[in-house]
Enquirer: 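First the structure, which I've put down as structure tokens, then a few questions once you've had a look.
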Amino acid sequence: MSRPEIEVRGLHKSFGDNEVLRGIDLEIGQGEVVCVIGPSGSGKSTLLRCVNLLEEPTKGQVFVGGTEVTDPDVDIDAVRRRIGMVFQQFNLFPHLNVTENLTLPQRRVLGRDKETAARVAAENLARVGLSEKADAYPSSLSGGQQQRVAIARALAMGPEVMLFDEPTSALDPELVGDVLAVMRRLAREGMTMMVVTHEMTFAREVADRVVFMDGGVIVEDGSPDRVIGDPQHERTRHFLSRLLDPAMAEVEEETSDQVGKSEP
Amino acid sequence: MTDTDTALQPKRKGLTRRQKRGLSRGVQYAVFAAAVIAFAVTADWGRLQNQFAQADIAKQMFPDVITLALKNTVLYTLSGFVVGLVLGMVIALMRLSSVGPYRWLAGVYIEIFRGLPALLIFIFVGVAVPLAFPGTEIPGGTYGKVALALGLVSAAYMAETIRAGIQAVPKGQMEAARSLGFSPAKAMVSIIIPQAFRIILPPLTNELVLLFKDSSLVLFLGVTLEERELSKFGRDLASTTANSTPILVAGLCYLLVTIPLSFVVRRMESKAQEAIR
Ligand SMILES: Nc1ncnc2c1ncn2[C@@H]1O[C@H](COP(=O)(O)OP(=O)(O)OP(=O)(O)O)[C@@H](O)[C@H]1O
Ligand SMILES: [Mg+2]
């Protein structure tokens, strides 16, 4: 196997006294889809944000496509062009229409000319099934449509890797499917993807690997069948049972709090 | 606290709440009307008209009051606004900078210039600057001086407004831009500042109205006949004609601009309110 597309070595991250990541090692191969699951506050978003250096790691190294992201001398803007990121809150640019949301970054960051940028934008809007919304403003779109535009915006930059941070968590349930369908298709096309999600069906069907995080460490890492279907660790089992049967949560709230929370 | 409230309370003698409210409103109107009538009756309208509304004097002001005085007022205001905006933007960005000394310098500027009367700043520009830099001329003559003075006056206020606008843009916007590969400066220019300006357009327009009025302070710089603006023009004519009609006309010229501007601001504010909903 060639070099992993994403490689995380001994990653630590603290916010003040709060150590959120306590030594993460993770490799994601080219074209691999890895879903990251875990309880709230376990550091999933922080891990994802360390991969494109939206958060500065306290210790450890991150490589993307063989380039060390954590090298102090690295051109971080150049690295980020190769890493697409999709946020829970979409973060479309509200003062620009859909097409401009896709063309402005291409023109300002990649220096593409107007025609090329427009062509690439149209291609990627078609890819997420939103060609007819090209002239709409984000505020007039549904959450699901906004998220698909956000995915298209990231794709228009031609990334080698895509990071998704709970892309469907802010959506009404009936809109989740459209976004997942786009991501499924992206996975089939061979995109390297790291997805923080609570969508277990998606993880089971699409992911090559599932990583379970708790308390700032990776507790379990393996195929979906193993991690979701036959978890080896008590913490994983506990988390999954609460996810599948939220009613259980209330009964066990107290114990899980003691396990999960170590901060004052 | 209206009808349902009253309905719940045990029946009392006398007025209901609604009747009381009606009565109090009636008293307010009556007092207001009485004040207006008292003013109208006691004022000496004949003398007022004589002093402030002489048609032939008013006529003789035209077209200069528009082509010269109003034009200069607008020119001074706009040039001051542009200088203030540029300076204010620089100071706002310094205030938000991660570099300590920049933040500190910007803070000092804002505190000093926000606390000084505009008049003092005009005198400062007119007197202190030529003294401090002998031999150098502020480019643009009087226009340059006014632009500088009004710019200094407004920059502190605008810096605070712009900073607030930038901070009102959700953090996710900067993160999205950075994750697409924008440098911090590029993200600021193409993503954050355009959104900030939409937020602060109403307060900026208000500042324009304030500057419009402050431009009258130019008379403390000493201006030539051609450089007079509305206030100076009106005053000069008032003293040569020994009549105050020019003051009234000049005042109306100010309102001609400020009232529509205020109207535009209110429109923008209600639009912004709608957009939030
Ligand atoms: N910018 C920050 N400053 C301080 N603390 C932070 C910051 N970002 C995250 N944290 C803390 O780090 C911990 C982990 O946060 P993180 O967002 O990574 O968790 P998560 O696994 O993504 O949780 P969730 O499922 O709720 O999104 C939390 O305790 C949070 O309070
Ligand atoms: Mg998170």
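Below, chains carry the letters A, B, ... as their sequence lines are ordered, and counting in each starts from 1.
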Enquirer: Has the side chain of A:Ser169 got a donor or acceptor atom that lies under 3.5 Å from a matching backbone atom of A:Gln88?
Expert: no
Enquirer: I'd like to know which of A:Gln89, A:His95, A:Arg81 tops the heavy-atom pair count under 4.5 Å against chain B.
Expert: A:His95
Enquirer: Under 4.5 Å from any heavy atom of chain A, what part of B:Ala177 do you find: side chain, backbone, both or neither?
Expert: both
Enquirer: Which atoms of A:Leu92 come close to chain B, meaning under 4.5 Å heavy atom to heavy atom: side chain ones, backbone ones, both, or neither?
Expert: backbone
Enquirer: Tell me, for A:Phe93 versus chain B, whether the close heavy atoms (under 4.5 Å) come from the side chain, the backbone, both or neither.
Expert: both
Enquirer: Check each atom of A:Arg49 against the heavy atoms of chain B and say whether the ones under 4.5 Å are side chain, backbone, both or neither.
Expert: side chain
Enquirer: Minimum heavy-atom separation for B:Ile162 and B:Leu85, please, with both atom names.
Expert: CD1-O, 4.2 Å
Enquirer: Among A:Ala78, A:Pro94, A:Ser139, A:Ala156, single out the residue with the greatest number of heavy-atom pairs under 4.5 Å to chain B.
Expert: A:Pro94
Enquirer: Fit a plane to each ring of B:Tyr76 and B:Tyr143, take the angle between them on a 0 to 90° scale, and name the class: parallel (under 30°), tilted (30 to 60°) or perpendicular (over 60°).
Expert: tilted
Enquirer: Determine, for A:Arg185 against A:Glu189, whether the closest basic-nitrogen to carboxylate-oxygen distance falls under 4.0 angstrom.
Expert: yes
Enquirer: Measure A:Ile83 against the heavy atoms of chain B and call it side chain, backbone, both or neither at under 4.5 Å.
Expert: backbone
Enquirer: For a side chain to side chain contact (heavy atoms under 4.5 Å, CB included) with A:Met193, tell me which candidate from A:Ile6, A:Ile28, A:Val161, A:Val33 qualifies.
Expert: A:Val33
Enquirer: What are the two closest non-hydrogen atoms of B:Gly165 and B:Ile200, and how far apart are they?
Expert: CA-CG2, 3.5 Å
